[in-house]
Q: 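This is the structure I have questions about; it appears just below.
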Amino acid sequence: MERNMELAGKVAVVTGSSSGIGLSVCSALISKGARVYGLSRSATPIEHERFEWIRTDVMVEMEIEQAFGTVLGRHEQVDLLVNNAGFGFFMDVETIEPVDWRRLIDTNLTAAFLCTRQVVPSMKARRSGMIVNVGSVAGKRGFKGGSAYCASKFAINGFSESIMEELREYGIRVSCVNPGSVMTGFFDHAGLQPKKYMQPDEVARLIVSLVELPDGMLPDQVTVRPL
Ligand SMILES: NC(=O)c1ccc[n+]([C@@H]2O[C@H](COP(=O)([O-])OP(=O)(O)OC[C@H]3O[C@@H](n4cnc5c(N)ncnc54)[C@H](OP(=O)(O)O)[C@@H]3O)[C@@H](O)[C@H]2O)c1
């Protein structure tokens, strides 16, 4: 018989929960009955008995360890990890300060690795779980000014594909969702403005629908663009 990931009662961790896509994903998961932990530096504006914000700067390894220590101290496993925290800037390559390059790679790429390694042991032990990485269409093709952001998002695609192959034999699904432009705070500081946008709630719906696919289906990559 076909089994779906039934979100009611499941434990989810979402990074970058304070705004945009991450905030919408938290709300969508709560509405499906999941117990959700949101990790971000600024407060996540959700008041719900099944939601908890854990103040976390994902650039700081120890803060990630503490956050997952809290979650895994209360639950046997994290059923769903959404690696979503991220930001972008778009500049000519020679004008990018190394400190900013590292900040971006730490946030968009290394944090996903650090969070993943926290949840995989208990997922493997239970032979279940799902990891959704938020990539970007900028992880599929490069463009002028995108050297840092595209490098981070190409890398998250490569990271996802590798752990997808590594973890599928343990019953763990890994997906990389690559959205085009979404109407969020992302563009407040990015230094560019697209003409067409999707809404964060729509991307959240897509992510939840991937999670709810039958257990035997592994949606490894999805690219979605504004029409
Ligand atoms: N908007 C788009 O068009 C678009 C398209 C494709 C992919 N994406 C990706 O979608 C993801 C979410 O972005 P968004 O569009 O929803 O933008 P957003 O509204 O600016 O949200 C970004 C989230 O990431 C968190 N974050 C950033 N740095 C962090 C850090 N050091 N520690 C913890 N949390 C951190 C922010 O929280 P705090 O600042 O409170 O820490 C915020 O919750 C990013 O990975 C982005 O690259 C966005």
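Note that this is a predicted model, so its numbers are computed, not measured. One-based numbering, in listed order, for ligands and for the atoms of each. Heads up: numbering here begins at 1 and tracks the sequence.
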Q: Consider ligand 1: state whether an atom of it lies below 4.0 angstrom from any non-hydrogen atom of Pro194.
A: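 Pro194: no contact with ligand 1 (<4.0 Å).
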Q: Enumerate the atoms of ligand 1 whose separation from the nearest heavy atom of Gly86 is less than 4.0 angstrom.
A: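 This gives 22 (C), 24 (O), 44 (C), 45 (O) as the contact atoms.
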Q: If hydrophobic clusters are built from ILVMFWY residues whose side chains come within less than 4.5 Å, do Met59 and Phe186 share one?
A: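 No.
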Q: May I ask you to check whether over 12 heavy atoms, not counting those of Arg126, lie within 6.0 Å of atom CZ?
A: yes
Q: If the cut-off is 4.0 Å to any non-hydrogen atom of Ser17, which atoms of ligand 1 fall inside it?
A: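 Here the atoms of ligand 1 in question are 43 (O).
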Q: At a 4.0 Å threshold, what atoms of ligand 1 neighbour a non-hydrogen atom of Gly135?
A: 6 (C), 7 (C)
Q: What residue and atom, counting heavy atoms only, is the protein's closest point to atom 17 (O) of ligand 1, and at what distance?
A: Thr184 OG1, 3.4 Å
Q: Considering only the protein, which heavy-atom contact is closest to atom 47 (O) of ligand 1, and what is its distance?
A: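 The protein heavy atom lying closest is Tyr149 OH, 2.6 Å.
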Q: Say whether Val93 and Phe143 are linked into one hydrophobic cluster, either directly or through other cluster members, by side-chain heavy-atom distances under 4.5 angstrom.
A: no
Q: Same cluster or not: Leu167 versus Leu114, using hydrophobic residues (I, L, V, M, F, W, Y) connected whenever any side-chain heavy atoms lie under 4.5 Å apart?
A: yes
Q: Show your reasoning for whether side-chain contact (heavy atoms from CB on, under 4.5 Å) applies to Tyr37 and Val11.
A: CA-CA 8 Å; Tyr37 292 87; Val11 176; 4.1 Å; yes
Q: Is there a chain of hydrophobic side chains (I, L, V, M, F, W, Y, each step under 4.5 Å between heavy atoms) that links Val36 to Val132?
A: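 Yes, same cluster.
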Q: I need the contact type for Phe187 against ligand 1. Using non-hydrogen atoms and a strict under-4.0 Å cut-off, is it side chain, backbone, both or neither?
A: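 Phe187 to ligand 1: side-chain contact only, backbone stays beyond 4.0 Å.
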Q: Counting each atom of ligand 1 from 1 as listed, which ones have a heavy atom of Thr107 under 4.0 Å away?
A: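 The atoms of ligand 1 under 4.0 Å from a heavy atom of Thr107 are 28 (N), 29 (C).
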Q: So, Arg103 and Asp100, do they make that salt bridge, N to O below 4.0 Å?
A: yes
Q: Quick check on contacts: which atoms of ligand 1 are under 4.0 angstrom from a heavy atom of Thr56?
A: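 Near Thr56, meaning under 4.0 Å from one of its heavy atoms, ligand 1 has 32 (N), 33 (C).
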Q: Among the heavy atoms of Lys153, does any lie under 4.0 Å from an atom of ligand 1?
A: yes
Q: Is the closest N or O pair between Gly22 and ligand 1 shorter than 3.5 Å?
A: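 Min N/O separation from ligand 1 is not below 3.5 Å for Gly22.
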Q: Report yes if some heavy atom in the side chain of Phe68 is under 4.5 Å from a heavy atom in the side chain of Val119; otherwise report no.
A: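 A side-chain contact exists here, since the closest heavy-atom pair is under 4.5 Å.
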Q: Considering Ala43, Ser136, Ala85, Gly180 one by one, which has a heavy atom nearer to atom 35 (C) of ligand 1 than any of the others?
A: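 Among Ala43, Ser136, Ala85, Gly180, the closest heavy atom to atom 35 (C) of ligand 1 comes from Ala85.
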Q: Is Asn108 in contact with ligand 1, taking contact as a heavy-atom separation below 4.0 Å?
A: no
Q: Counting non-hydrogen protein atoms only, what is the nearest one to atom 6 (C) of ligand 1? Give residue, atom name and distance.
A: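 Looking at atom 6 (C) of ligand 1, the protein heavy atom closest to it is Pro179 O, 3.2 Å.
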Q: Would you find more than 12 non-hydrogen atoms of other residues, nucleotides or ligands less than 6.0 Å from Glu161 atom CD?
A: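 Incorrect, the count does not exceed 12.
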Q: Taking 4.0 angstrom as the limit and counting only heavy atoms of Ser181, give me the atoms of ligand 1 inside it, by number and element.
A: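 Counting from 1, the qualifying ligand atoms are 3 (O).
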Q: With a cut-off of 4.0 Å, which atoms of ligand 1 are near a heavy atom of Asn84?
A: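 Per the distance check, 10 (O), 11 (C), 12 (C), 44 (C), 45 (O).
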Q: Hey, any chance Val134 and Leu29 share a hydrophobic cluster, counting ILVMFWY side chains that come within less than 4.5 Å of each other, even indirectly?
A: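 Shared cluster, yes.
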Q: Are any of the side-chain heavy atoms of Ile131 and Val120 separated by less than 4.5 Å?
A: yes
Q: Quick one: look up the protein heavy atom nearest atom 20 (O) of ligand 1 and list residue, atom name and how far away it is.
A: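 Protein heavy atom at minimum distance: Phe186 N, 3.5 Å.
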Q: Do me a favour and list the nearest non-hydrogen protein atom to atom 28 (N) of ligand 1 with residue, atom name and distance?
A: Arg41 NH2, 3.2 Å
Q: Starting from atom 43 (O) of ligand 1, which protein heavy atom do you reach first, and at what distance in Å?
A: Ser18 OG, 2.8 Å
Q: Do Phe159 and Cys176 touch side chain to side chain, with heavy atoms closer than 4.5 Å?
A: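 No - every pair of side-chain heavy atoms lies 4.5 Å or more apart.
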Q: Return the closest protein heavy atom for atom 2 (C) of ligand 1 as residue, atom name and distance.
A: Val182 N, 3.4 Å
Q: Could you tell me the residue and atom name of the protein heavy atom closest to atom 48 (C) of ligand 1, and the distance to it rounded to 0.1 Å?
A: Ile21 CD1, 3.9 Å
Q: Show the atoms of ligand 1 that are less than 4.0 angstrom away from any heavy atom in Gly20.
A: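 Checking each atom against Gly20, I get 16 (O), 19 (O).
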Q: Are there more than 12 heavy atoms of other residues, nucleotides or ligands under 6.0 Å from atom CD of Gln193?
A: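 Yes, CD of Gln193 has more than 12 neighbouring heavy atoms, counting only those of other groups under 6.0 Å.
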Q: With backbone taken as N, CA, C and O and side chain as the heavy atoms from C-beta onward, which portion of Pro200 lies under 4.0 Å from ligand 1: side chain, backbone, both, or neither?
A: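 None of Pro200 does.
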Q: Is any side-chain heavy atom of Met130 closer than 4.5 Å to one of Ser175?
A: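 Yes; the side chains approach each other to less than 4.5 Å.
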